[in-house]
Amino acid sequence: MGDIEIEPSSHFIQSPEHRPKSSIIIAESIPLIDLSPINYQDDETNSLSIENLVKEIGQACKEWGFFQVINHKVPLDKRERIEESANKFFELSLEEKVKVRRDEVNLLGYFEAEHTKNVRDWKEIYDFNVQQPTFIPPSFQFQWENRWPKNPPEFREACQEYAEEVEKLAYKLMELIAMSLGLVPNRFRDFFIHNTSNIRLNHYPPCPYPHLALGLGRHKDTGVLTVLAQDDVGGLQVKRKSDGEWIQVKPIFNSFIINVGDMIQVWSNDAYESVEHRVMVNSEKDRFSIPFFLKPALYTDVEPLEELTNDKNPPKYSKINWGKFRTARMQNNFIKSNVDNLQIYHFKLS
């Protein structure tokens, strides 16, 4: 593909300590969780099954910050349709794709020069918001309007249909996470009335120097919860909490990979932690993935929940305004900067 440089430009090269290792650990042990109890079982057998499911999710969030789900009820045909539409879009010429290129005013659309930790990622992306129009308070000086390409013609409909289904799954998972923390199931729901959730289409082209570059550099997700569809090529690596090793997540057909974001870490007062992850590239195959990022309203002030704090476990974070936090992080993705990205640890109370 001619859209990304093929020479080993220094913009893409990771520092030696962050380059991929030649040996790869495949994670057989990342929890695989069956969501049948909330989707397919009758009421008589359900209560114990849901209780066990809640425990499984709580353990996975605590020990890994990541898990995979099956029997999730997202229709496979909707997923296949958006995957096919994404592939067709990325096959377009760069001249066509940049017609819907994002900029510093409107943060949605196509982009081919994103940076993570100030190193350029070996990928191209397309972002759209799930809720349109997105509610933006007057104090925020930017636009969030979806830029839909004319081609492929089915692209917009495929994206919107898929978004509707995966959003339902995200809210179901949030209810289970709330229950695992001892909260009422709908404890988090009001934070998403004017949500800023988005879906990203990722394309990682073949890379001639996979030992030097990354498709997506190490990072933690800023939002609440991520629901990731990845193809069978694989490449996602998770930093294992127990020993700091990078573990490759093995693709499982028709599953979703779920991970806890920074905002859950704050709400839970560090009971559940957002975990670093990254994406490898290879020299032979294109890789595609589609993450859904569940995010609250821009006006949301995120802080440890009262129900989860007490004298023995006081709040560990000051208030974080989601809109300001999100905006600061987005601006750093455009250019290489000598200033570290804003992180939740900057809000830690001593």
Side-chain angles (χ1 to χ4, degrees), residues 30-31 54-67 116-117 170-171 173-197 217-227 238-247 258-278 293-333 339-350:
I30 282 184
V54 167
K55 285 179 183 173
E56 274 189 272
I57 290 206
Q59 189 173 357
C61 289
K62 191 173 177 102
E63 294 180 2
W64 280 92
F66 268 82
F67 55 95
T116 303
K117 305 284 188 189
Y171 288 137
L173 290 166
M174 286 304 295
E175 290 185 0
L176 294 167
I177 287 170
M179 292 165 70
S180 75
L181 289 165
L183 305 168
V184 294
N186 65 352
R187 178 63 176 89
F188 296 106
R189 198 60 193 260
D190 287 350
F191 294 119
F192 305 107
I193 292 170
H194 296 121
N195 72 71
T196 53
S197 303
R218 74 198 193 286
H219 69 287
K220 298 179 180 183
D221 288 351
T222 58
V224 176
L225 193 76
T226 303
V227 181
V238 176
K239 196 169 190 178
R240 188 163 53 193
K241 287 176 67 175
S242 61
D243 58 8
E245 283 287 343
W246 286 104
I247 307 296
I258 314 299
N259 66 280
V260 167
D262 285 345
M263 297 304 105
I264 284 185
Q265 180 166 340
V266 175
W267 276 327
S268 73
N269 208 34
D270 283 352
Y272 298 160
E273 292 180 24
S274 180
V275 171
E276 271 196 326
H277 50 289
R278 66 185 187 181
F293 299 104
L294 182 66
K295 295 170 180 172
L298 287 171
Y299 53 76
T300 306
D301 287 326
V302 179
E303 59 186 327
L305 298 175
E306 286 184 21
E307 303 98 304
L308 302 178
T309 58
N310 53 44
D311 291 341
K312 292 182 179 177
N313 183 31
K316 296 175 182 174
Y317 297 90
S318 58
K319 277 184 186 177
I320 302 173
N321 177 267
W322 166 249
K324 292 177 181 175
F325 184 78
R326 168 81 175 136
T327 306
R329 289 293 297 264
M330 277 297 293
Q331 296 302 331
N332 278 84
N333 289 342
V339 180
D340 284 344
N341 279 351
L342 189 64
Q343 305 285 347
I344 57 172
Y345 64 71
H346 292 121
F347 297 85
K348 274 268 191 181
L349 297 169
S350 53

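The figures that follow rest on heavy atoms only: side chains count, while hydrogens, waters and symmetry mates do not. Along the sequence shown, residues are numbered consecutively beginning with 1.
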Please check if any side-chain donor atom of Asp221 sits under 3.5 Å from a side-chain acceptor atom of Thr226, or the reverse. yes
side-chain contact (heavy atoms from CB on, under 4.5 Å) filter on Met174, not counting sequence neighbours, yields Ile177, Phe188, Val224, Leu225, Ile264, Leu294
Kindly say whether [Y] contributes a backbone atom to a donor-acceptor pair with the side chain of [X] at under 3.5 angstrom?
{"X": "Lys295", "Y": "Thr222", "value": "no"}
{"X": "Thr196", "Y": "Pro296", "value": "yes"}
{"X": "Gln265", "Y": "Ser274", "value": "yes"}
{"X": "Asn269", "Y": "Pro314", "value": "yes"}
{"X": "Asn186", "Y": "Arg189", "value": "no"}
{"X": "His219", "Y": "Arg278", "value": "no"}

For Trp322, the ring pair (Phe, Tyr, Trp, His ring centres under 6.0 Å) test, sequence neighbours excluded, returns none
CG (Leu176) and SG (Cys61) are apart, to the nearest 0.5 Å, by 9.5 Å
The reported gap from CD1 in Ile193 to OG1 in Thr300 (rounded to nearest 0.5 angstrom) is 9.5 Å
| message | Could you walk me through whether Glu303 and Phe347 satisfy the side-chain contact (heavy atoms from CB on, under 4.5 Å) test, starting with their C-alpha distance in whole Å, then the side-chain angles of each, then the deciding distance to 0.1 Å, before giving a yes or no? | response | CA-CA 10 Å; Glu303 59 186 327; Phe347 297 85; over 6 Å; no
